[in-house]
2 protein chains.
Amino acid sequence: MKTYREYCALAQALDVVGERWTLLIVRELLIQGACRYTDLRNGLPGIATNLLAERLREMEKAGLVSREDAPPPVATTLFRLTKRGEELKPVVEALGRWGGPLVARPIADEEFRSHWLALPIELHLTDNAPHEPPITIEVRTGGEPMLVETVDGRVRARPGSSDHPNAVVSGTASQLLGLLTGKIDLAEARRRGAKFEGDPKALDRVQPRP
Amino acid sequence: MKTYREYCALAQALDVVGERWTLLIVRELLIQGACRYTDLRNGLPGIATNLLAERLREMEKAGLVSREDAPPPVATTLFRLTKRGEELKPVVEALGRWGGPLVARPIADEEFRSHWLALPIELHLTDNAPHEPPITIEVRTGGEPMLVETVDGRVRARPGSSDHPNAVVSGTASQLLGLLTGKIDLAEARRRGAKFEGDPKALDRVQPRP
DNA sequence: CAGCATCCGCTTTGATACTG
DNA sequence: CAGTATCAAAGCGGATGCTG
């Protein structure tokens, strides 16, 4: 990217992360941790492969990303955020918060990956009873299932499933997003076609209090 | 900008504000309030005039900016952030904070406008004695002077000068930035060529406490 | 198959000139 | 002052091919 050539922290930040795709690559690495090239491509529908390679090189040079060889038997390259790269989390969160209203609607003709739910979940959900025993909700939509867990008074989301979750929800991305962020209640979510099994109190536990 | 077509708040936010120049236009309007076209051009060195016009049109359509005719006798068009546009402040602050380390060095061959100091000043400075009478520091560098004031326990910065400031500092952008954000002390700033007149306690009042 | 590099057509940007 | 018009250069997207 052509630099703005301004002595201004904002402009210099944009010189580094303002190019197309860069912050979405950061999103993938924040959510998924260390990623293979192919994992990144799957999480970034529409990116041209040469652009992904170029961005990763630039981000490595800028100190945002490090490249490491996975130990045998995997023997593949892993990309990981550096400390400096992780520090972009507040930027991603601020943008995600601002963009929240833009996805408060049914999903249109857009791509979706279930692990993207991790962002709004960790942004909007809270543990309303941090001293109770932890709970787990399994969230199923589209591809891989996600686990929503209370831990240390925070709500965490990660790919995976559980043998004994307190509840299991499934539905479209917008149904689950609306339900989890408390924009709609369980009855409304069911009316719209979402499925919920297990303890409704688990949902109350993490939905943001109005 | 081509949209990412992802059902993700971050991607949708970037669809709106991710294009080149857009967040810098937001910076100008956040710092300066309502601006004429020419004011914006002056605060965005290097922008092509057709791009500025195009971005303003897009931002108006996206609901970030409104256009109003200034009352006589000025009779010019003013651009102003809408409520939705103002809500980008946390995004600009997060990026500015992340970019801070990138300008913790002498100014190189880069453009600088004194009003850009408002961002780091309001971001890093605090009123360390909110119950004392308010103070004012005049900051002179490059073009127009800036005023740094304590008000309601916060530190505010705006273009302008004062008849009886508690102190007046002048120097290069990097000297003033280093001094105000407490990265260097007064003696060091003077050693590097900055001038300071008035009450050194005014500086102590607002420099961030380590 | 994972991890790219190359090529090509299209879009966006930047610089300059010009206008009501 | 507040833009529009024009055009070259750079960036992007898509397809394809190469290498360990």
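Every chain is numbered from 1, with letters handed out A, B, ... down the list of sequences. Every heavy atom of this structure was used, including side-chain atoms; hydrogens, water molecules and symmetry mates were not.
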Grab the [atom1]-[atom2] distance between [X] and [N] for me, whole Å please.
X        : N       : atom1 : atom2 : result
Glu58(B) : dG3(D)  : CD    : C1'   : 15 Å
Leu51(A) : dG3(C)  : CG    : P     : 17 Å
Asp69(A) : dC4(C)  : CG    : P     : 11 Å
Arg41(A) : dG14(D) : CZ    : P     : 11 Å
Leu24(B) : dT13(C) : CG    : C1'   : 15 Å
Glu19(B) : dC12(D) : CD    : P     : 12 Å
Arg67(A) : dC4(C)  : CZ    : P     : 5 Å
Leu52(A) : dC4(C)  : CG    : P     : 8 Å

Subject >> Basic-acidic side-chain contact under 4.0 Å: Glu111(B), Arg113(B) >> reply: yes
Original post:
Is Glu58(B) salt-bridged to Arg55(B), going by a charged N under 4.0 Å from an acidic O?
Top reply: yes
Original post:
Going by atom types alone, do Asn166(B) and Thr136(B) pair a side-chain donor with an acceptor below 3.5 Å?
Top reply: no
Subject >> Pair His115(B)-Gln32(B), side-chain donor/acceptor within less than 3.5 Å >> reply: yes
**OP:** Would you mind classifying the nucleic acid contact of Ala53(A) as base, sugar-phosphate or nothing, using non-hydrogen atoms under 4.0 angstrom?
**Re:** sugar-phosphate
Original post:
How would you label the contact of Thr49(B) with the nucleic acid (heavy atoms, under 4.0 Å): base, sugar-phosphate, or nothing?
Top reply: base
**OP:** Indicate, yes or no, whether a donor-acceptor pair under 3.5 Å links the base of dG3(C) to the side chain of Thr77(A).
**Re:** no
**OP:** Report yes or no: is there a donor-acceptor pair, N or O only, under 3.5 Å between the side chain of Asn50(B) and the base of dT13(C)?
**Re:** no
Subject >> Upstream residue (5' side of DNA chain C) when Arg57(A) and Ile47(B) are each assigned their closest nucleotide >> reply: Arg57(A)
**OP:** Between Lys2(A) and Leu78(A), just flag the one whose closest nucleotide in DNA chain C comes earlier from the 5' side.
**Re:** Leu78(A)
Original post:
Picking from dG14(C), dC4(C), dC12(D), which would you name as closest to the side chain of Arg55(A)?
Top reply: dC12(D)
**OP:** Side chain of Arg20(A) only, please: which of dT13(C), dC1(D), dG13(D) is the nearest?
**Re:** dG13(D)
Original post:
Taking the inter-plane angle between the rings of Tyr7(A) and Phe112(B) on a 0 to 90° scale, is it parallel (under 30°), tilted (30 to 60°) or perpendicular (over 60°)?
Top reply: perpendicular
If you restrict it to nitrogen or oxygen atoms, what contacts under 3.5 Å exist between nucleotides 18-20 of chain D and the protein, and what is each distance?
none

**OP:** For residues Ile25(B) and Leu52(B), determine if any side-chain heavy atom of one lies less than 4.5 Å from a side-chain heavy atom of the other.
**Re:** yes
Original post:
On the ring face of Tyr4(A), is Arg20(B) found with NZ or CZ under 6.0 Å from the centre and within 45° of the axis?
Top reply: yes
**OP:** Would you tell me if any nitrogen or oxygen in the side chain of Trp21(A) comes within less than 4.0 Å of OP1 or OP2 on dG13(D)?
**Re:** yes
